[in-house]
Trainee: 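First the structure, then my questions, so here it is.
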Amino acid sequence: MEGPQGVHVECDGSRLINFCSNDYLGLANHPSVVAACKRGVDSYGVGSGASHLVCGHGKAHHALEEELAEFTGRERALLFSTGYMANLGVISALLDRGDWIFEDRLNHASLVDGGLLSGARLKRYAHGDAAALQNSVSACPGASKLIASDGVFSMDGDLAPLPALAAIARESDGWLLIDDAHGLGVVGEKGRGALEHYAMSQDEVSVLVGTLGKAFGTFGAFVAGSEELIEMLIQTARSYIYTTALPPAIAEATRASLRLVQAETWRRDRLGYLVQRFRSGAHALGCTLLPSETPIQPVLMGDNRRALEASEHLLRRGFLVGAIRPPTVPEGAARLRITFSASHEEAHVDALLDALDSLPFAGMANVDPLCDAPAIE
Ligand SMILES: Cc1ncc(COP(=O)(O)O)c(C=O)c1O
């Protein structure tokens with residue numbers, strides 16, 4: 001890739017229309033975000049110099065943490081350098097060997113790896129299936145429990161059944177961790193993510209993880225929750241303690257993007273419109289879509305070769321769309337992961353639909369839906 005992220009990208013000398021970025025709101029190269037980053041560099045230089053607990057924690061980090069806590073309606077928020085590290089840190093801080101962790105089968109790899117690192121006993125339940133989770137939790141009495149799920153699933157785009165997960169967590173006296181990497185900024189009228197969609201509070205979802213490299217268009221991540229949770233993480237989350245703090249200019253850039261996320265509601269409205277336009281067009285073409293209302297719109301291809309051929313065909317037509325294959329998704333569920341940005345225009349969507357229509361093989365609709373595909377174990 002050459003040049004900035006955007007609807008149009010330069011890749012190996014070709015100008016392509018990008019349909020695979022997580023820059024859902026089009027903020028990664030927004031002038032206000034870029035200007036805030038430059039001002040941040042002028043004020044703070046480039047490097048943070050050390051970990052947060054040594055001398056890396058600056059005013060910019062602190063201000064961003066306070067603003068993220070307010071945005072998510074939680075007592076406090078704590079910055080991590082990446083979402084991957086946030087999940088490793090928080091899960092291994094909450095659980096020990098002998099505890100239980102319950103995870104949706106389609107959870108992001110960082111949640112699975114956090115569970116493995118913690119040494120807790122890991123149980124995976126069928127995707128979005130609260131009854132299966134309930135059975136699994138009931139069969140594991142005693143010890144501390146944590147239920148962990150994506151809020152919006154990263155490769156499928158659907159929402160987790162949060163109210164049902166919260167009820168099971170409450171009854172079993174366990175923690176509920178929701179990683180809303182793909183919901184924050186995008187879902188809900190105010191962009192507060194899957195929790196806003198279900199009108200749920202800190203009491204119902206005790207641990208909220210958010211990432212800043214997707215809808216916020218910058219880099220980094222945070223955990224938000226009670227005062228007690230955040231203090232515990234500061235003392236014990238090793239991926240918070242033993243790593244260099246984010247560059248403060250990135251924190252300044254994120255403060256600017258958080259203001260845009262909140263003020264420019266038209267970006268979410270536009271995404272909703274583009275997604276509906278795409279879905280009705282793709283449906284008419286016979287594409288196998290998944291039940292997603294979010295900017296993540298997978299088109300199932302089934303086998304890997306077919307997904308790769310489709311991606312290459314689109315590339316030749318000037319579209320950048322990734323072919324996502326196992327182990328990122330279950331065997332037999334390879335797909336084009338098409339994502340939308342508020343910066344796309346109707347004409348881009350229509351051109352993509354034309355290109356999908358020209359795929360050199362028929363029968364996209366004959367692929368089994370994901371729910372029938374074998375799960376990753
Ligand atoms: C659900 C989910 N959680 C965590 C991450 C990791 O975030 P980061 O890229 O900031 O490490 C991702 C994606 O990369 C994700 O999709």
Side-chain angles (χ1 to χ4, degrees), residues 5 20-25 27-28 61 64-65 68 72 77-92 101 103-118 124 127-128 146-160 162 165 176-187 193-195 197 205 207-224 233 237-240 243-247 250-251 253-254 257-258 261 290 292 294-298 322 324-325 327-330 335 337-341 376:
Q5 283 290 313
C20 60
S21 169
N22 298 323
D23 179 23
Y24 303 121
L25 298 180
L27 300 181
H61 300 110
L64 176 59
E65 287 178 342
L68 288 169
T72 56
L78 187 71
L79 284 175
F80 281 73
S81 295
T82 68
Y84 191 94
M85 293 168 75
N87 283 331
L88 293 195
V90 69
I91 296 173
S92 53
I101 179 163
E103 300 214 20
D104 189 292
R105 280 193 190 279
L106 298 190
N107 270 359
H108 188 260
S110 56
L111 289 169
V112 178
D113 292 356
L116 295 172
L117 181 68
S118 72
R124 302 183 78 183
H127 177 51
L146 170 70
I147 297 167
S149 174
D150 286 23
V152 169
F153 287 89
S154 57
M155 295 298 133
D156 288 47
D158 56 335
L159 268 73
L162 297 197
L165 303 189
L176 175 59
L177 182 163
I178 297 300
D179 172 352
D180 209 14
H182 298 273
L184 285 165
V186 171
V187 175
L195 275 74
H197 175 84
V205 177
V207 187
L208 174 66
V209 175
T211 63
L212 303 170
K214 305 183 199 302
F216 290 87
T218 60
F219 191 78
F222 67 95
V223 176
L233 293 177
R238 293 166 69 85
S239 62
Y240 172 78
T243 198
T244 302
L246 272 181
I250 295 295
T254 309
S257 86
L258 179 57
V261 164
L290 292 176
S292 160
T294 68
I296 302 169
Q297 290 294 323
I324 308 289
R325 288 152 285 152
T328 306
V329 292
R335 67 198 58 187
R337 179 179 181 266
I338 295 172
T339 53
F340 292 92
S341 153
I376 327 168

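Note that this is a predicted model, so its numbers are computed, not measured. We count ligands from 1, going down the list as the structure has it; atoms in each ligand are counted the same way.
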Trainee: So does L246 get a backbone contact from the side chain of H61, meaning a donor-acceptor N/O pair under 3.5 Å?
Mentor: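 Side chain of H61 to backbone of L246, a donor-acceptor pair under 3.5 Å: yes, one is there.
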
Trainee: What residues, two or more places apart in sequence or in another chain, satisfy side-chain contact (heavy atoms from CB on, under 4.5 Å) together with A181?
Mentor: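 In terms of side-chain contact (heavy atoms from CB on, under 4.5 Å), with neighbours along the sequence ignored, A181 is linked to D179, T211, K214.
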
Trainee: Establish, from distance only, whether the side-chain atoms of D156 and H127 form a donor-acceptor pair under 3.5 Å.
Mentor: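 No pair is found: no donor N or O on one side chain lies under 3.5 Å from an acceptor on the other.
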
Trainee: Who's touching ligand 1 if we go heavy atoms under 4.0 Å?
Mentor: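 Protein residues near ligand 1 are T82, G83, Y84, N87, H108, S110, D150, S154, D179, A181, H182, T211, K214.
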
Trainee: Between T294 and G157 (side chain of the first, backbone of the second, donor and acceptor by atom type, cut-off under 3.5 Å), is there such a pair?
Mentor: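 Such a contact is found between T294 side chain and G157 backbone.
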
Trainee: Between D104 (side chain only) and S149 (backbone N and O only), is there a donor and an acceptor less than 3.5 Å apart?
Mentor: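 Checked: no pair found.
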
Trainee: To check you understand the geometry: which heavy-atom pair defines the closest contact between F80 and G89, and what is its length?
Mentor: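 Heavy atoms only, the tightest pair is CE2-CA, 4.4 Å.
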
